[in-house]
Number of protein chains: 2
Amino acid sequence: MPWPHIQLSLPDWVDVYIAAHPSTFKKVEDRMALVVELARQNVIRGTGGPFAAGVFELETGRLIAPGINMVVSSNCSVAHAEILALAIAQQKLGTFNLRRDDAMEFELVTSAEPCAMCLGAIPWSGVVSLVCGARDEDARNIGFDEGPKVADWVKEMTDRGIRVQRDLCREQAREVLRSYHEQGGPIYNGR
Amino acid sequence: MPWPHIQLSLPDWVDVYIAAHPSTFKKVEDRMALVVELARQNVIRGTGGPFAAGVFELETGRLIAPGINMVVSSNCSVAHAEILALAIAQQKLGTFNLRRDDAMEFELVTSAEPCAMCLGAIPWSGVVSLVCGARDEDARNIGFDEGPKVADWVKEMTDRGIRVQRDLCREQAREVLRSYHEQGGPIYNGR
């Protein structure tokens, strides 16, 4: 019996949306603004949960890979925005480790603090910087379980050479969560 | 610019190996024996790290989906055995939540205790049972970082309705880790 492939493809609107905008984001606020807008678009277009992420080249701000939550639309509980952004970036650059021996370093920007799974995925990916919009409790406030995260997760990242910046555009990111909740978007916690 | 798809396909030998063996494993020891053998084969055939997993129908022991570590071979740091088994099972059954409202329940059997990422993925998947072979420290002893895991992860799983069984065939599972290490297999921690 041949086993199904895992295939995750971003919906067409992501291509179209990004092609219509600049592809380099010098300031980290602009990287977050893109990511929060992708989260908002994901809700509006009904292609997933209220979360998005992006991998950027740290110094230049070039977008390497976007990611959006596709859990429901792809029938895959692993398809969180951060996982997609990291895996697509690795696919694009042809490496399982973004911390290769060359000069480039990479940053993961995410519209909400990562859940336990995504937090665990970050050190394996090779990014050196993590930037978060909404807080963990903002996601929990609309009903999402964030999973068993160690209390000092920022220190755990820092100890592994990953810089963490929190609360960037938190209010805008939280607004996307709120509007998803008000529309009655599905909350899926595997229960 | 179109973004690369994430595509993960098990190597052909997995099909061939499983087709040559029974597909139903009434006893949990037999489920683990299959999983440990898949981990061993993955090392021998050079298709990935010394880890494998499987999703089984809890009551009947029918194999729903196998998974093997494919981090290096697929250029994807997310491609741990547990992630593949869970995602392939969901693909096969057409649901992002294996805890659906019908009569079937599912078990994840893994050759080694899950890393922080895979541990975080388990509650989102909908499995109701987790069975582990080697211990977390057995993987760490050969150089793998297991990531930031909460100390009471068994309780965290139990609180979410997931039964945990540890140390099943631990010695056999540890032997696969040891032989991988002795062969100089790559240890990848994203550093």
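Just so it is clear: chains get the letters A, B, ... in the order the sequence lines come, proteins before strands, and each one is counted from 1. Heavy atoms only: backbone and side chains are in, while hydrogens, waters and symmetry mates are out.
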In terms of heavy-atom pairs under 4.5 Å, which option from Val128(A), Ile122(A), Val71(A), Asp152(A) contacts chain B the most? Val71(A)
One should read off an interatomic distance between Leu8(B) CG and Leu8(A) CG, to the nearest 0.5 angstrom, of 8.0 Å
Straight-line distance of Cys76(B) SG to Asn97(A) CG, nearest 0.5 Å: 12.0 Å
Would Ile68(A) and Ile187(A) show up in the same hydrophobic cluster when neighbours are defined by side-chain heavy atoms closer than 4.5 Å? yes
Closest non-hydrogen atom pair, His5(A) against Gln91(B): O-CG, 3.6 Å
Around Arg45(A), counting heavy atoms of other residues, nucleotides and ligands shown, do more than 12 lie under 6.0 Å from its CZ? yes
Heavy-atom distance under 4.5 Å to chain B: side chain of Leu10(A), backbone, both or neither? side chain
So what's closer than 4.5 Å to chain B heavy atoms on Val72(A): side chain, backbone, both or neither? both
Who among Gly94(B), Ala89(B), Ala65(B) has the most heavy-atom pairs with chain A under 4.5 Å? Gly94(B)
Connected via hydrophobic side-chain network under 4.5 Å: Leu38(A) and Ile44(A): no
If you define the side chain from C-beta out and look only at heavy atoms, does anything of Pro148(A) sit under 4.5 Å from Arg160(B)? yes
Step through the shown structure and confirm whether more than 12 heavy atoms of other residues, nucleotides or ligands are within 6.0 Å of CD on Glu59(B). no
Of all of Thr95(B), Leu86(B), Leu93(B), Val78(B), which one pairs up most often with chain A through heavy atoms under 4.5 Å apart? Thr95(B)
Backbone of Ser77(A) reached by a side-chain donor or acceptor of Gln90(B) within 3.5 Å: yes
Any side-chain heavy atom of Pro66(B) within less than 4.5 Å of one from Trp3(A)? yes
Test applied, side chain to side chain contact (heavy atoms under 4.5 Å, CB included); reference residue, Pro2(B); option that passes from Val14(A), Asp15(A), Asp12(A): Asp15(A)
Quick one: what part of Leu119(A) sits under 4.5 Å from any heavy atom of chain B, side chain, backbone, both or neither? neither
Once the angle between the rings of Phe96(A) and Tyr188(B) is folded into 0 to 90°, is it parallel (under 30°), tilted (30 to 60°) or perpendicular (over 60°)? perpendicular
Which region of Cys115(B), side chain (C-beta onward) or backbone (N, CA, C, O), has a non-hydrogen atom less than 4.5 Å from a non-hydrogen atom of chain A, or is it both or neither? side chain
Does any heavy atom of chain A fall under 4.5 Å from the side chain of Glu156(B), the backbone, both, or neither of them? side chain
Could you give the distance from CD1 (Ile83(A)) to CD1 (Ile6(B)), rounded to the nearest 0.5 Å? 9.0 Å
Is chain A contacted by the side chain of Ile162(B), its backbone, both, or neither, given a heavy-atom distance below 4.5 Å? neither
Let me check something: do Val35(A) and Leu58(A) share a hydrophobic cluster, defined by ILVMFWY side-chain heavy atoms less than 4.5 Å apart, either directly or through other members? no
Identify which part of Ile18(B) has an atom lying under 4.5 Å from any heavy atom of chain A, answering side chain, backbone, both or neither. side chain
